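Contents: one structure, followed by commentary.
Note that the structure is predicted; figures quoted are calculated from it, not measured. By convention in this document, chain letters (A, B, ...) are assigned in the order of the sequence lines, proteins followed by strands, and residues within each chain are numbered from 1.
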Amino acid sequence: MNIENIIRDKIAEAIQNLYQHTIDSISVQVAKTKKEFEGDFTVVAFPFLKISKKTPEQTAGEIGEYLIGNIKEISRYNVIKGFLNIVVSNGYWLTFINEINAVTDYGYNKPGKNKKQIVVEYSSPNTNKPLHLGHIRNNLLGWSVAEILKANGKNVVKVNLVNDRGIHICKSMLAWQKWGNGATPQSTGTKGDKLVGDFYVKFDNEYKSEIGNLISKGFSEDDAKKNASLIIATQELLKKWEAGDDEVRDIWKMMNGWVYKGFDETYKKMGVDFDRTYYESDTYQLGKAIVLEGLKKGILQKKDDGSAWIDLTQDGLDEKLLLRADGTSVYMTQDIGTAVQRFNEFNIDKHIYVVGNEQNYHFHALSLVLNKLGYNWSKDLYHLSYGMVELPEGRMKSREGAVVDADDLIDEMILTAREISKELGKLDGVTAEEAEKTYKMIALGALKYFILKVDPKKNMLFDPKESIDFNGNTGPFIQYTYARICSVLRKAKEQNIVVPSSIDTETILNGKEIEILKLIYEFPSVVKEAGKEYSPALIANFVYELTKEYNQFYHDFSILKEENPKIRDFRLILSKTASRVIKSAMGLLGIEVPEKM
RNA sequence: GGUCUCGUAGCUCAGUUGGAUAGAGCAACAGCCUUCUAAGCUGUGGGUCGUGGGUUCGACUCCCGCCGGGAUCACCA
């Protein structure tokens, strides 16, 4: 049983014995003691004053006295202004580290017998442009959240839904037909997704200039947009695609093929993967039958032109279109269909959509619509809504090419990592291949940590001019700490010092060592909280705190040169355990850690 | 206009379900490598937590108003 629960129980017991009043032990708040006070855990006495009818100091003192007498793991306490600070004995911490040394996956919950699955849908790219920094945030978040849920013992399915059809891809196709001269990735030496993206931008530029021309000829802006020959030709292309026109389908397949190859490369570089990939060209017809059924039941309304609507005004939203007058489906229709499909296909406990907060309204509506249609699992849908990545000049706009390209960014990071490493001469002793692997590890570590350390819900800023740091609160800092520990353990081995599997529980500890132990102790609850909140940021902030603390310890105390063998052994175990936790935590973020850097 | 969000040091971000004197990193300045990796460590300066009320023993945290930024309210996805 963990010490906080023991304290909770005993406090409830103390209240009962001292003041003849029954309270629920889980309602007792046990917090970490602030750095500037002596103690490990703090209990605030104020909530008990009504029960004790005494001053805060008296109440805290009486409870403290009771705890000393009844919990052997507590060595002493102090009271400051109604705050009861509890000091846990060295013996407890030493027993704790011995215990976790015996387990291999400390901090993780074993997969339960529960066969229910959690589906995490993320990435979900459009096939008309390459991935950019916004997609990076999405992918890293989705992947990491899936890993964190696995660490919480959940049965997770990672899913991608590729938006491979629609007006946007037709724009790239039309531009390729008109101005492409048969260009292919091979003929141009361009990565497939980039090539298709270039045609998308080309389309947009030509379209804009056509609109400009029309406006100068007296068209209103709206009319110009609707009547431009380019947009009309694009719509024709879409119609042909929907009709299954062979030529159009062939171009579509070819160009999407280029894009997939490009995406796969980027995914691989980022280290994200999926258990299943769906394509909207297969699923975009889903949902129609459900909507028609809803009409029949009178849950949905049909307008005069034949379009189908749902009225969400009671829920504070508006009326929402579910089927066009011509019977074709819209975004919402498809999402209804795919949701139903997923719940048929999997035994779903929770379905998580990792999608930007610009679609909050859509997912709010989606869950209401499904609920009204009678699917009681609509409450199990969860929109993991993350904030936008903004540039100093505002949002990224892919049509205008004002984006930070994913591949470029990663490549630049690798370049920087290589430069810094060479400058510091850190990898002089290793093979070129090994060094190259480490540069990539560091570059991705920096990028992933930079993104994941921020609370997913919040918008974040990325300034390309101030490239991502490698010092301070960064991925490389944490990786460096790991490498340092590995180095110490290597040296120990060279000196034939064996790290013992357990340690004498009478060993005397210093304050820094206890601080590190306390952080290691917190790891499981951080994993749990991160799972509950779907927040890799909690893991990132935790592991930073741990490494910061470790670096201070490393600086202030020597390990291998420590003369007292018991203390030396303890420090080795402590270091090894810290490195294990660092590696696990970083693993949950998708960040690898090097043994040398 | 409706709905939803965000506002913490010059900049980027933390701040557990309300708890003690609001913390890190970067940037600036000053120190520390014959000692287990200096991608490190130590110190200094830097704040009316947007603002005004309210609830509370106690508010960065909860409630209301206002100011400022963002998103969304498409027969786009």
With sequence neighbours excluded, what pairs up with Y550(A) under the side chain to side chain donor-acceptor pair (under 3.5 Å) test?
-> S575(A)
Contacts of K32(A) meeting side chain to side chain donor-acceptor pair (under 3.5 Å) (sequence neighbours excluded), chain-then-number -> E522(A)
Please check the phosphate of rG69(B) (OP1 and OP2 only) for any side-chain N or O of R395(A) closer than 4.0 Å.
-> no
Return no unless some side-chain N or O of K532(A) is found under 4.0 Å from OP1 or OP2 of rU16(B).
-> no
At 4.0 Å (heavy atoms only), tell me whether [X] reaches a base, stays on the sugar-phosphate, or touches nothing.
X	result
Q479(A)	nothing
E595(A)	base
S525(A)	nothing
I442(A)	base
M388(A)	nothing
D455(A)	sugar-phosphate

Are any of the side-chain nitrogens in E549(A) or K518(A) under 4.0 Å away from the carboxylate oxygens of its partner?
-> no
Hey, are R568(A) and E563(A) close enough for a salt bridge, meaning a charged N less than 4.0 Å from a carboxylate O?
-> no
Assign each of K50(A) and P594(A) the nucleotide of RNA chain B bearing its closest heavy atom; nearer the 5' end lies the nucleotide of P594(A)
Result for 5'-nearest mapping on RNA chain B, choosing between F470(A) and M460(A), is M460(A)
Gap between atoms [atom1] and [atom2], on [X] and [N] respectively (whole Å):
X	N	atom1	atom2	value
F462(A)	rC13(B)	CZ	C1'	15 Å
F477(A)	rU37(B)	CZ	P	16 Å
D335(A)	rA77(B)	CG	P	10 Å
L321(A)	rA74(B)	CG	P	10 Å
N128(A)	rC76(B)	CG	P	16 Å
L572(A)	rC36(B)	CG	C1'	10 Å
Y449(A)	rA14(B)	OH	C1'	10 Å
L322(A)	rC76(B)	CG	P	14 Å

For [N] and [M], measure between their [atom1] atoms and round to the nearest Å.
N	M	atom1	result
rG70(B)	rU61(B)	P	24 Å
rU12(B)	rG7(B)	P	13 Å
rA28(B)	rG46(B)	C1'	10 Å
rA22(B)	rA9(B)	P	14 Å
rU3(B)	rU8(B)	P	25 Å
rA14(B)	rG2(B)	P	30 Å
rG47(B)	rG1(B)	C1'	37 Å
rA24(B)	rU42(B)	C1'	16 Å

Would you please name every residue forming a side chain to side chain contact (heavy atoms under 4.5 Å, CB included) with Y331(A), sequence neighbours left out?
-> D335(A), Q359(A), H362(A)
Could you tell me which residues satisfy side chain to side chain contact (heavy atoms under 4.5 Å, CB included) with N357(A), sequence neighbours excluded, listed by chain and number?
-> N360(A), S385(A), M388(A), N459(A)
Identify all side-chain donor-acceptor contacts of residues 52-59 of chain A below 3.5 Å with residues at least two apart in sequence or on another chain.
unit_1	atom_1	unit_2	atom_2	d
S52(A)	OG	F48(A)	O	3.4
S52(A)	OG	K54(A)	N	3.3
S52(A)	OG	T59(A)	OG1	2.8
K54(A)	NZ	E62(A)	OE1	3.4
K54(A)	NZ	E62(A)	OE2	2.8
T55(A)	OG1	Q58(A)	N	3.1
T55(A)	OG1	Q58(A)	OE1	3.3
Q58(A)	OE1	T55(A)	N	3.2
T59(A)	OG1	T55(A)	O	2.8

Who are the ring-ring contact (aromatic ring centres under 6.0 Å, His included) partners of H168(A), not counting sequence neighbours?
-> none
Stems where RNA chain B pairs, listed by first number, each of three or more Watson-Crick or G-U pairs under 3.5 Å | B:1-7 with B:67-73, B:10-13 with B:23-26, B:28-32 with B:40-44, B:50-54 with B:62-66
Tell me whether rC49(B) sits syn or anti, counting syn as a glycosidic angle within 90° of 0.
-> anti
Do [X] and [Y] meet the criterion of a side-chain donor-acceptor pair at a distance under 3.5 Å?
X	Y	value
D40(A)	T33(A)	no
T474(A)	D469(A)	no
D311(A)	T313(A)	yes

For RNA chain B, which residues in residues 481-490 of chain A have a heavy atom at a distance below 4.0 Å?
-> A483(A), R484(A), S487(A), V488(A)
Using a heavy-atom distance cut-off of less than 4.0 Å, which residues of residues 550-571 of chain A contact RNA chain B?
-> N551(A), Q552(A), Y554(A), H555(A), F557(A), S558(A), I559(A), L560(A), K561(A)
Side chain proximity check, [X] to [Y], heavy atoms < 4.5 angstrom:
X	Y	answer
K583(A)	V593(A)	yes
Y534(A)	I148(A)	no
F203(A)	L174(A)	yes
P392(A)	P464(A)	yes

Do the rings of F523(A) and F542(A) sit parallel, tilted or perpendicular, given the 30° and 60° boundaries?
-> parallel
Verdict with supporting geometry, F477(A) and Y544(A), ring-ring contact (aromatic ring centres under 6.0 Å, His included) = CA-CA 8 Å; F477(A) 170 87; Y544(A) 172 64; 5.6 Å; yes
Any idea which of rU37(B), rA14(B), rA77(B) is nearest the K596(A) side chain?
-> rU37(B)
Would you please indicate if the ring centroids of Y284(A) and W241(A) are separated by under 6.0 Å?
-> yes
For E562(A), what residues pass the salt bridge (charged side-chain N to carboxylate O under 4.0 Å, His left out) criterion, not counting sequence neighbours?
-> R571(A)
When every nucleotide of nucleotides 17-30 of chain B is labelled 5' to 3' by its protein contacts under 4.0 Å (heavy atoms), B for base, S for sugar-phosphate only, - for none, what sequence of letters results?
-> --BBS--SSS----
Spell out protein contact along nucleotides 2-8 of chain B as letters: B when the base is contacted, S when just the sugar-phosphate is, - when no protein heavy atom is under 4.0 Å; keep the 5' to 3' order.
-> -----S-
